[in-house]
Amino acid sequence: MTEHLPLAAFAVNAVASRISLPSHVSREDLLSCAHVALVEVARRFDPTAGASFATYALARLQGAVLDELRSGDWASRSVRAAARRTDAAADALTISLGRPPTREELADRLGVPRSELDHLQVDVHRAVMVSIDAESGPDGTSLDLPDTGESPERALLRGERARHLHEAIRALPDRLDEVIERNFFGDESLTDIAEDLGVTLSRVSQMRARALTLLHAAMGEIWEGTPVPAAGGVRARNQQRSYLERLTGRPGAATAPAAATSPAAATPPAAVPTAPPLPRQRARWLTPENEASRRPA
């Protein structure tokens with residue numbers, strides 16, 4: 001027993017490698033079952049038969065582990081066998097049809113009525129066990145209230161955020177909007193964009209980095225309500241301030257929280273300036289290829 005005790009763990013691992021153990025099955029319980037079976041095998045072993053104890057015991061330990069799994073399974077062996085045949089038929093039909101089969105096609109392939117196939121699926125689902133104390137399933141979803149999709153509130157917030165981001169991209173100055181849209185939405189490389197714009201690759205990389213900085217400041221100002229301090233030289237700070245003023249429609253957008261603490265902030269302005277219109281969205285970017293196609297013959 002002491003010498004061949006590792007055979008019990010080997011038998012459990014061999015069975016687990018052939019079948020998918022359910023989540024509620026404990027390997028420690030199966031190992032205990034294998035230890036008890038090892039005692040019975042040692043009592044029945046006949047050294048004069050010519051076989052070694054390891055060869056004699058391993059197959060019987062695996063059989064004991066399988067018997068333990070079957071005893072705890074709520075579905076009968078016939079139901080499991082029918083479920084395996086159904087899965088094999090579904091896989092074969094998926095390969096031949098190029099799509100998942102319908103319930104009628106699967107029933108015809110198995111040669112059984114549709115009602116019998118439905119009863120089989122119900123019997124298999126009844127054997128699925130989950131922990132009543134578990135707060136979430138293996139995939140992270142709640143067992144009590146499964147996540148059936150995006151909530152209306154999240155969908156609304158996501159749509160509003162996307163709309164604000166789209167407007168912020170359209171308002172980017174100095175052709176920065178073209179670099180962002182072509183790089184992120186057109187899947188164009190910075191090298192191709194640099195060739196089309198007639199600038200160097202390092203210049204396009206700088207334009208992309210500057211555009212992302214301005215977009216970060218814009219979303220912080222509009223969406224999160226947290227102004228992002230302008231970095232860089234005087235030109236960069238003036239560019240960000242004018243960009244935010246144009247986008248938000250109010251002067252001093254980047255310094256609005258600081259101005260609100262002053263006494264003059266309590267007096268409402270006489271008139272609110274109207275923001276200049278945003279540029280229209282480009283329907284198609286002009287590249288040397290499609291620009292040549294638009295020229296008259």
Side-chain angles (χ1 to χ4, degrees), residues 23 99-100 130-131 134-194 196-197 204-232 236-260 265 272-287 290:
S23 59
R99 57 171 176 82
V130 296
S131 174
E135 296 180 356
S136 60
D139 55 351
T141 58
S142 172
L143 295 177
D144 298 327
L145 296 175
D147 187 8
T148 57
E150 192 175 32
S151 65
E153 180 183 5
R154 289 184 179 179
L156 178 62
L157 292 176
R158 181 174 54 83
E160 285 296 305
R161 183 184 179 90
R163 182 178 65 83
H164 287 303
L165 180 60
H166 182 67
E167 292 179 355
I169 293 175
R170 290 170 53 200
L172 287 172
D174 301 333
R175 305 189 73 177
L176 299 182
D177 58 334
E178 180 176 354
V179 174
I180 290 297
E181 291 200 20
R182 293 180 63 173
N183 183 231
F184 287 95
F185 301 101
D187 293 332
E188 298 186 42
S189 64
L190 295 181
T191 304
D192 296 337
I193 299 175
D196 294 342
L197 297 181
V204 172
S205 179
Q206 293 174 359
M207 295 173 66
R208 178 180 180 273
R210 183 57 186 165
L212 293 178
T213 300
L214 293 178
L215 290 177
H216 174 64
M219 296 305 293
E221 175 78 21
I222 299 175
W223 186 254
E224 300 177 359
T226 304
V228 178
R237 294 196 298 269
N238 292 337
Q239 183 190 47
Q240 178 172 324
R241 183 175 61 253
S242 61
Y243 167 67
L244 293 178
E245 290 177 0
R246 181 186 185 193
L247 186 62
T248 59
R250 63 180 187 273
T255 58
V272 178
T274 304
L278 298 175
R280 294 191 308 173
Q281 183 182 8
R282 294 178 175 87
R284 183 181 181 188
W285 295 109
L286 290 180
T287 60
N290 56 47

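Quick note: residue numbers are just sequence positions, from 1.
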Which heavy atom of [X] sits nearest a heavy atom of [Y], and at what distance?
X: R246; Y: A171; result: NH1-O, 3.6 Å
X: A211; Y: L176; result: CB-CB, 3.9 Å
X: P229; Y: P227; result: CD-O, 3.7 Å
X: I193; Y: R182; result: CD1-CB, 3.8 Å

Evaluate the side-chain contact (heavy atoms from CB on, under 4.5 Å) criterion for residues E221 and V228: first the C-alpha distance (whole Å), next the side-chain angles of each, then the deciding distance (0.1 Å), finally the verdict. CA-CA 7 Å; E221 175 78 21; V228 178; over 6 Å; no

Partner set under side chain to side chain donor-acceptor pair (under 3.5 Å) for S189, not counting sequence neighbours: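 Only D192 meet the side chain to side chain donor-acceptor pair (under 3.5 Å) criterion with S189.
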
Yes or no on side-chain contact (heavy atoms from CB on, under 4.5 Å) for D174 and M207, after CA distance, side-chain angles and deciding distance? CA-CA 9 Å; D174 301 333; M207 295 173 66; 5.9 Å; no

Output for pair (M219 CE, R161 CZ), nearest 0.5 Å, gives 4.5 Å

Quick one: pull up CD1 in I169 and CG in L214 and give me the separation to the nearest 0.5 Å. 12.0 Å

When you compare the side chain of I180 with that of L212, does any pair of heavy atoms fall below 4.5 Å?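 A side-chain contact under 4.5 Å exists here.
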
Applying salt bridge (charged side-chain N to carboxylate O under 4.0 Å, His left out), can you list everything that pairs with R99, at least two apart in sequence or on another chain?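 R99: salt bridge (charged side-chain N to carboxylate O under 4.0 Å, His left out) contacts with E105.
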
Partners of A218 by side chain to side chain contact (heavy atoms under 4.5 Å, CB included), sequence neighbours excluded? A168, Y243, L244, L247

Counterpart residues, side chain to side chain contact (heavy atoms under 4.5 Å, CB included), relative to T226 (two or more places apart):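 T226: side chain to side chain contact (heavy atoms under 4.5 Å, CB included) contacts with E224.
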
Side chain to side chain donor-acceptor pair (under 3.5 Å): which pairs involve residues 204-214, sequence neighbours left out? N183-R208, R210-Q239

Could you go through D196 and E188, starting from their C-alpha distance and side-chain angles, then the distance that decides it, and tell me whether this counts as side-chain contact (heavy atoms from CB on, under 4.5 Å)? CA-CA 11 Å; D196 294 342; E188 298 186 42; 4.1 Å; yes

Passes side-chain contact (heavy atoms from CB on, under 4.5 Å), L197 versus E178? Steps please. CA-CA 10 Å; L197 297 181; E178 180 176 354; 3.6 Å; yes

Salt bridge (Lys or Arg N to Asp or Glu O under 4.0 Å) between R170 and E167, intermediate numbers included: CA-CA 5 Å; R170 290 170 53 200; E167 292 179 355; 5.6 Å; no

Check ring pair (Phe, Tyr, Trp, His ring centres under 6.0 Å) between H164 and all other residues, then give those that pass, not counting sequence neighbours. W223

